[in-house]
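Working notes, beginning with the structure itself.
Worth knowing before you read on, the calculation uses all heavy atoms, side chains too, and leaves out hydrogens, waters and symmetry mates.
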Amino acid sequence: METKTGMNKTLPVLLLSLCAVAGNVASAADKSASRPNIVVLLADDWGFSDVGAFGSEIKTPNLDSLARHGMKFSNFHVTASCSPTRSMLLTGVDNHLNGVGNMRETIPQEHVGRAGYLSVLNRNVVTVASLLKDSGYRTYVAGKWHVGKEAHNLPDQRGFDHSLVQGDSGSDNWETGKRYLDLTDKVYWYEDGKPVVMPTDFYSSEFYIDKTIAYIRAGAAQKKPFFAYVGFQANHIPVQAPKQFIDKYNDYYKDGWDALRRERHKKAVALGLIPKDAPMGKMATTKDWNSLSEKDKQFQIRSMQVYAGMADAMDHHVGRLIADLKKNGEYDNTVFVFLSDNGPEASDPYAITLGRWWLNLYYNHDIENLGAKGAYSVIGPSWANAAATPLSTYKFYAGEGGIRTPLIISGVRGMKQNAVQSNFTHINDIVPTLLDIAGVAQPGDSYKGNRIERMTGRSLLPVLQGSAARAHPADEAIGYELSGNAALFKGDLKLVKNIGPVGDGQWHLYDISKDPGETADLQSSLPQQFAQMQLDYAAYAKANGVLPMPDGYEPTHQVVVNAMINVYVPRFKVPALILLAALAIWVAVRVRRRRKHV
């Protein structure tokens with residue numbers, strides 16, 4: 001039997017213990033409540049200077065506002081094509097190690113199924129969504145997915161509570177069942193891991209924001225922070241937009257692409273995004289504006305107006321999300337990350353015979369309809385060069401115009417605002433940064449008992465908060481390869497090689513801090529660095545399982561070949577096999593002619 005004295009001694013101890021438990025519970029609740037929401041906004045095929053805050057004439061007030069309240073990264077690098085960048089954005093692991101060594105659309109048949117070349121995420125990586133969900137976040141994705149539509153690769157199995165995604169590389173922006181090229185048998189849509197019937201009344205940017213807002217509102221009662229990933233189709237082909245956005249630009253672009261490049265270059269310098277004396281890179285594929293007929297000029301002007309309208313519309317819908325977060329009291333506790341998956345798209349499917357045949361069956365190309373339902377628009381290489389100002393090359397290639405894109409991060413506590421970070425950063429830095437912001441540890445080389453690839457990027461949080469000048473040491477070698485186009489970064493130097501028809505297949509060396517347009521090759525003046533960086537690249541390629549490209553590889557031809565194998569052969573069997581044999585002969589003849597002219 002306990003004595004009165006014993007009870008008097010025990011009671012304070014019990015009270016202290018209860019207080020400690022209550023304090024721990026309150027502390028955990030406070031931590032959950034204090035952790036920020038995270039919104040990742042991924043644009044598709046935007047050039048370096050396509051955002052107003054990066055020197056554009058395109059009206060992007062909502063992204064510009066995020067930039068004013070955050071940090072602009074002017075030396076940020078992704079991959080030059082859609083799915084490899086998306087795979088790294090989700091995992092923080094090099095695309096060759098996460099399974100997306102090349103895209104399904106452009107992979108040479110010799111690489112199909114090889115280690116690192118599944119063209120979809122492999123099972124040896126974990127996504128940022130899984131890690132955030134495990135730590136108490138609610139997780140959502142809406143938009144273009146493009147990292148695998150196998151059951152184990154859909155968002156519900158990759159850490160997302162709710163999802164509405166398009167499985168492949170793109171589709172029409174007005175009609176949910178309409179493909180943008182004959183690269184798949186249909187458009188694949190999934191909601192929460194299951195095929196879904198999509199509405200007919202649809203505009204892609206609007207719809208993806210609608211779903212994101214709905215997901216966030218529906219989960220608000222859980223009182224947990226959220227991670228929302230929006231994968232826009234803007235400005236992937238076909239370039240389409242509501243007329244009210246296009247018509248804002250009726251008086252723009254009449255002086256052509258060279259004038260636009262000069263205007264954007266001047267603005268980028270004034271904004272502190274590039275050095276004052278940095279020359280502009282210009283592609284040989286850029287046509288002489290004055291050589292065009294008046295009819296061609298009008299068509300080109302309208303095409304760029306549609307492109308601007310599509311970007312403007314995307315920004316408008318981003319503004320709707322921001323307004324909803326403000327209305328519900330979530331905005332001030334939300335971190336925003338905006339980026340593009342690669343540089344601007346320069347290709348024109350109408351220039352390919354097979355593409356032109358197919359497009360003429362399903363789309364029109366009339367100037368008065370551009371941007372509207374049923375119409376197909378592209379900007380081509382000349383406007384793409386302008387969209388990437390002041391950089392050289394565009395989507396697919398390893399020049400800065402293909403792999404340097406705008407990055408804006410806003411809403412981080414204690415961050416420097418309205419600032420520019422000009423030192424090298426990389427797509428693999430995004431996942432470590434988000435985990436750091438959320439207070440979540442990186443998983444190392446195992447996750448739930450399974451071996452995984454380690455993340456290789458570095459958190460940008462010290463840079464954002466001003467405690468570090470750069471994320472990567474100046475002597476760190478960071479490699480890159482996609483479809484035979486390759487690069488290695490080391491401090492301010494970049495070793496780069498681009499295949500034809502745009503590149504010469506040879507290594508070149510540039511100081512991209514002073515010369516982002518890659519106009520002055522330094523290999524003769526810096527021979528030791530040039531030699532060492534080639535060794536560094538070889539080490540990267542070996543460590544990451546990079547395969548050499550087959551002789552004669554050319555991306556446009558490969559897209560046609562892959563379309564035949566993946567779509568036409570299964571659909572038409574014997575006739576397609578005959579057509580494929582004829583296509584193989586055509587490709588062989590083209591390659592032989594090209595070699596004669598090299």
So T556 and F396, side chain to side chain contact (heavy atoms under 4.5 Å, CB included) or not? Walk me through it.
CA-CA 11 Å; T556 302; F396 189 77; over 6 Å; no
Chi angles and distances behind the ring pair (Phe, Tyr, Trp, His ring centres under 6.0 Å) call for H96, Y117
CA-CA 7 Å; H96 301 87; Y117 288 82; 5.8 Å; yes
Pair F338-W46, ring pair (Phe, Tyr, Trp, His ring centres under 6.0 Å): steps then yes or no
CA-CA 11 Å; F338 166 81; W46 283 37; 5.6 Å; yes
Could you check N342 against D45 for side chain to side chain donor-acceptor pair (under 3.5 Å), going step by step and ending with a plain yes or no?
CA-CA 5 Å; N342 45 250; D45 295 358; 2.7 Å; yes
Begin with the C-alpha distance, continue with both residues' side-chain angles, and end with the deciding distance and a verdict on side chain to side chain donor-acceptor pair (under 3.5 Å) for Q523 and D521.
CA-CA 6 Å; Q523 60 176 293; D521 192 341; 2.8 Å; yes
Go through it in stages, so that I can follow the logic: the residues are E400 and F48, the test is side chain to side chain contact (heavy atoms under 4.5 Å, CB included), and I'd like the CA-CA distance, side-chain angles, deciding distance and then a yes or no.
CA-CA 9 Å; E400 292 293 277; F48 176 78; over 6 Å; no
Does the side chain to side chain donor-acceptor pair (under 3.5 Å) test come out yes or no for S483 and N102, once each step is laid out?
CA-CA 7 Å; S483 294; N102 207 328; 2.9 Å; yes
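Considering every non-hydrogen atom in both P344 and G47, the closest pair reads CD-CA, 3.5 Å. Residues T60 and A53 share a closest heavy-atom pair of OG1-N, 4.5 Å. The minimum heavy-atom distance between L493 and L526, with the atom names listed, is CD2-CD1, 4.1 Å. Across every non-hydrogen atom of G500 and P555, the tightest pair is O-CD, 4.2 Å. Minimum interatomic distance between M455 and P443 (heavy atoms only, all atoms of both residues): CE-CD, 4.0 Å.
In this structure, L391 CG and R261 CZ are separated by 10.0 Å, a value rounded to the nearest 0.5 Å. Between atom CG of residue N544 and atom CG of residue D94 there is a gap of 4.0 Å, rounded to the nearest 0.5 Å. Taking CG of D168 as the start and SG of C82 as the end, the distance is 11.5 Å to the nearest 0.5 Å. Put simply, OG1 on T519 and CG on D515 are 3.5 Å apart, with the number rounded to the nearest 0.5 Å. Note that CG of L509 is 10.5 Å distant from CD of E518, once rounded to the nearest 0.5 Å.
Two residues are said to be in side-chain contact when any heavy atoms from C-beta on lie closer than 4.5 Å; D429 and F76 fail this criterion. Counting heavy atoms from C-beta on, the side chains of Y553 and T106 come closer than 4.5 Å. A 4.5 Å side-chain heavy-atom check between Q558 and P108 finds at least one atom pair inside the cut-off. Between Y447 and V125, every side-chain heavy-atom pair lies at or beyond the 4.5 Å cut-off. Looking at heavy atoms from C-beta onward, Y229 lies in side-chain contact with L89 at the 4.5 angstrom threshold. Side-chain contact between Q529 and K490 is absent, with no heavy atoms from C-beta onward closer than 4.5 Å. In this structure the side chain of L181 never reaches within 4.5 angstrom of the side chain of V559, judged on heavy atoms. Using a 4.5 Å heavy-atom cutoff, the side chains of V239 and S303 are not in contact.
Checking each of R104, E105, Q109 against N562 for a side chain to side chain donor-acceptor pair (under 3.5 Å) leaves exactly one that passes, namely Q109.
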Check: residues 272-284 side-chain donor-acceptor pairs under 3.5 Å, at least two apart:
none

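Between D50 and R264, at least one side-chain nitrogen of the basic residue sits less than 4.0 Å from a carboxylate oxygen of the acidic one, meeting the salt-bridge criterion. A salt bridge links D44 with R86: the distance from a Lys NZ or Arg NE/NH1/NH2 to an Asp or Glu carboxylate oxygen falls below 4.0 Å.
In this pair, Y540 and Y537 present their aromatic rings tilted. The plane angle is within the 30 to 60° band. Ring geometry for H77 versus F489: interplanar angle of 30 to 60°, hence tilted. Under the 30°/60° scheme for interplanar angles, the aromatic rings of Y180 and H236 are found to stand perpendicular.
Applying the side chain to side chain contact (heavy atoms under 4.5 Å, CB included) test to D492 and every residue at least two apart in sequence or in another chain returns R470, D511, S513.
More than 12 non-hydrogen atoms from other residues, nucleotides or ligands lie less than 6.0 angstrom from CZ of R356. Counting heavy atoms of neighbouring residues, nucleotides and ligands inside a 6.0 Å radius, atom NZ of K149 exceeds 12 of them.
For residues 377-391, the set of pairs meeting the side-chain hydrogen bond (donor to acceptor under 3.5 Å, both in side chains) definition, not counting sequence neighbours, comprises T286-N385, Q300-W383.
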